[in-house]
Visitor: 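Please read through the structure below; I'll follow up with questions.
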Amino acid sequence: MKVKEMIEKLNLKLLTKDVSEDALYAEVEGGYASDLLSNAMGQGQPGMVWVTMQGHQNVAAVASLIGFAAVIVAGDGPVAEDTLHKANLNDVVVAATEEPAFEVIGKLYALGVGKKD
């Protein structure tokens, strides 16, 4: 599934308006959920979508470093403007939802994200 398709199917709000078409059409290859940056850096993999409640600038840095396909900020967590600026500069897709992380993750799994064939 492509990032853009995931955003549409989950009815997410796209927060990074200046990312490339390549970023929006990147393949989502799995998922990772954590609010600890060190865990995301140690266990996240390129191509995954990262579900978190964190919205500070370091989220964009970690997402760029790992090569996450996208970041979903769940639970109506605030996302700082400097986070979005840094994400746009690094071509990191950041989307948001009011839904709790548990529900977002369940919906991602129901869509087939992270399922092994």
Side-chain angles (χ1 to χ4, degrees):
M1 169 182 314
K2 306 293 184 195
V3 170
K4 185 173 180 158
E5 181 182 3
M6 174 194 71
I7 290 169
E8 291 168 357
K9 288 187 176 189
L10 294 178
N11 198 30
L12 302 173
K13 181 179 178 185
L14 178 63
L15 300 180
T16 46
K17 305 292 186 188
D18 296 327
V19 293
S20 70
E21 287 291 312
D22 287 345
L24 290 171
Y25 286 95
E27 193 70 30
V28 176
E29 299 175 6
Y32 185 75
S34 179
D35 292 325
L36 295 175
L37 300 178
S38 59
N39 283 16
M41 289 189 316
Q43 297 175 21
Q45 300 292 318
M48 289 181 163
V49 59
W50 178 19
V51 180
T52 183
M53 290 180 61
Q54 300 290 334
H56 54 78
Q57 186 174 339
N58 291 338
V59 169
V62 169
S64 177
L65 175 72
I66 301 302
F68 284 123
V71 176
I72 299 174
V73 179
D76 206 21
V79 181
E81 281 300 316
D82 59 348
T83 303
L84 299 179
H85 178 71
K86 188 169 198 166
N88 278 314
L89 287 176
N90 290 295
D91 214 21
V92 173
V93 175
V94 178
T97 181
E98 293 179 357
E99 292 184 332
F102 183 80
E103 290 181 22
V104 174
I105 294 161
K107 289 179 179 182
L108 282 167
Y109 191 77
L111 289 171
V113 173
K115 288 185 181 177
K116 305 294 183 209
D117 292 330

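Because only heavy atoms are used, hydrogens play no part in the values below, and waters and symmetry mates are left out as well, while side chains stay in.
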Visitor: To the nearest 0.5 Å, what is the distance between CE (Met1) and CG (Leu108)?
Guide: 7.5 Å

Visitor: Once rounded to the nearest 0.5 Å, what's the spacing between atom NZ of Lys13 and atom OG1 of Thr97?
Guide: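 Reported value, rounded in 0.5 Å steps: 11.0 Å.
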
Visitor: Hey, quick one: are Val92 and Phe68 part of the same hydrophobic cluster, counting side-chain heavy atoms closer than 4.5 Å, chains of contacts allowed?
Guide: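 They do share one cluster, since a chain of ILVMFWY contacts under 4.5 Å joins Val92 to Phe68.
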
Visitor: Quick check against the 3.5 Å criterion: does Thr16 have a side-chain atom that pairs as donor or acceptor with the backbone of Val94?
Guide: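 Yes, the answer is positive, given that a donor and an acceptor are paired below the 3.5 Å cut-off.
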
Visitor: What are the two closest heavy atoms between Ala95 and Ile7, and how far apart are they?
Guide: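 Minimum heavy-atom separation between Ala95 and Ile7: CB-CG1, 4.4 Å.
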
Visitor: With a cutoff of under 4.5 Å between side-chain heavy atoms, which Ile, Leu, Val, Met, Phe, Trp and Tyr residues group with Leu36?
Guide: none

Visitor: Looking only at heavy atoms, what is the nearest atom pair of Val51 and Ala101, with distance?
Guide: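 Nearest heavy atoms, Val51 then Ala101: CG1-CB, 3.9 Å.
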
Visitor: Which heavy atom in Asn88 sits nearest to a heavy atom in Lys17, and how many Å separate them?
Guide: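 Residues Asn88 and Lys17, closest heavy atoms: OD1-N, 3.6 Å.
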
Visitor: Any side-chain heavy-atom pair from Leu111 and Lys9 closer than 4.5 angstrom?
Guide: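 Counting from C-beta outward, Leu111 and Lys9 do come under 4.5 Å.
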
Visitor: Nearest 0.5 Å, please: how far is CG in Asn39 from CH2 in Trp50?
Guide: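 That separation rounds to 10.0 Å.
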
Visitor: So which heavy atom on Ala70 is nearest to which on Met6, and how close?
Guide: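 That would be CB-CE, 4.1 Å.
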
Visitor: Would you call Val59 and Leu37 a side-chain contact if the rule is heavy atoms closer than 4.5 Å?
Guide: yes

Visitor: Keeping the roles fixed (side chain from Thr52, backbone from Val73), state whether a donor-acceptor pair exists under 3.5 Å.
Guide: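 Flag not set: sc Thr52 to bb Val73 has no pair under 3.5 Å.
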
Visitor: Assigning hydrophobic clusters by single linkage (Ile, Leu, Val, Met, Phe, Trp, Tyr; side-chain heavy-atom cutoff under 4.5 Å), is Met48 placed with Val3?
Guide: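 Not linked; separate clusters.
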
Visitor: So, taking the atom named CG in Asn90 and the one named NE2 in His85, what distance separates them when rounded to the nearest 0.5 Å?
Guide: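 Between Asn90 CG and His85 NE2, I get 9.5 Å after rounding to 0.5 Å.
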
Visitor: Would Val19 and Val71 show up in the same hydrophobic cluster when neighbours are defined by side-chain heavy atoms closer than 4.5 Å?
Guide: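 No; tracing contacts between hydrophobic side chains, which count when under 4.5 Å, never links both residues.
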
Visitor: What is the distance from atom CD1 of Ile105 to atom CD1 of Ile72, rounded to the nearest 0.5 Å?
Guide: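 Those atoms lie 9.0 Å apart.
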
Visitor: Can you tell me if Asp35 uses its side chain to pair, donor with acceptor, with the backbone of Met53 under 3.5 Å?
Guide: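 Here the side-chain-to-backbone pair exists.
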
Visitor: Same cluster for Leu65 and Leu84 if Ile/Leu/Val/Met/Phe/Trp/Tyr side chains link at under 4.5 Å?
Guide: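 In one cluster with Leu65: Leu84, yes.
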
Visitor: Is it the case that atom CD in Glu81 sees more than 12 heavy atoms from other parts of the structure closer than 6.0 Å?
Guide: no

Visitor: Please report the interatomic distance CG(Leu15) to OG1(Thr83), rounded to the nearest 0.5 Å.
Guide: 10.0 Å

Visitor: Of all heavy-atom pairs between Tyr25 and Lys2, which one has the smallest distance, and what is that distance?
Guide: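 Answer, listing the atom of Tyr25 first, then Lys2: O-CD, 3.0 Å.
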
Visitor: Applying a strict under-4.5 Å side-chain criterion to I, L, V, M, F, W and Y, I'd like to know whether Val113 and Leu12 cluster together.
Guide: yes

Visitor: Please report the shortest heavy-atom distance between Gly47 and Ala69, naming the atom on each side.
Guide: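 Heavy atoms only, the tightest pair is O-CB, 3.4 Å.
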
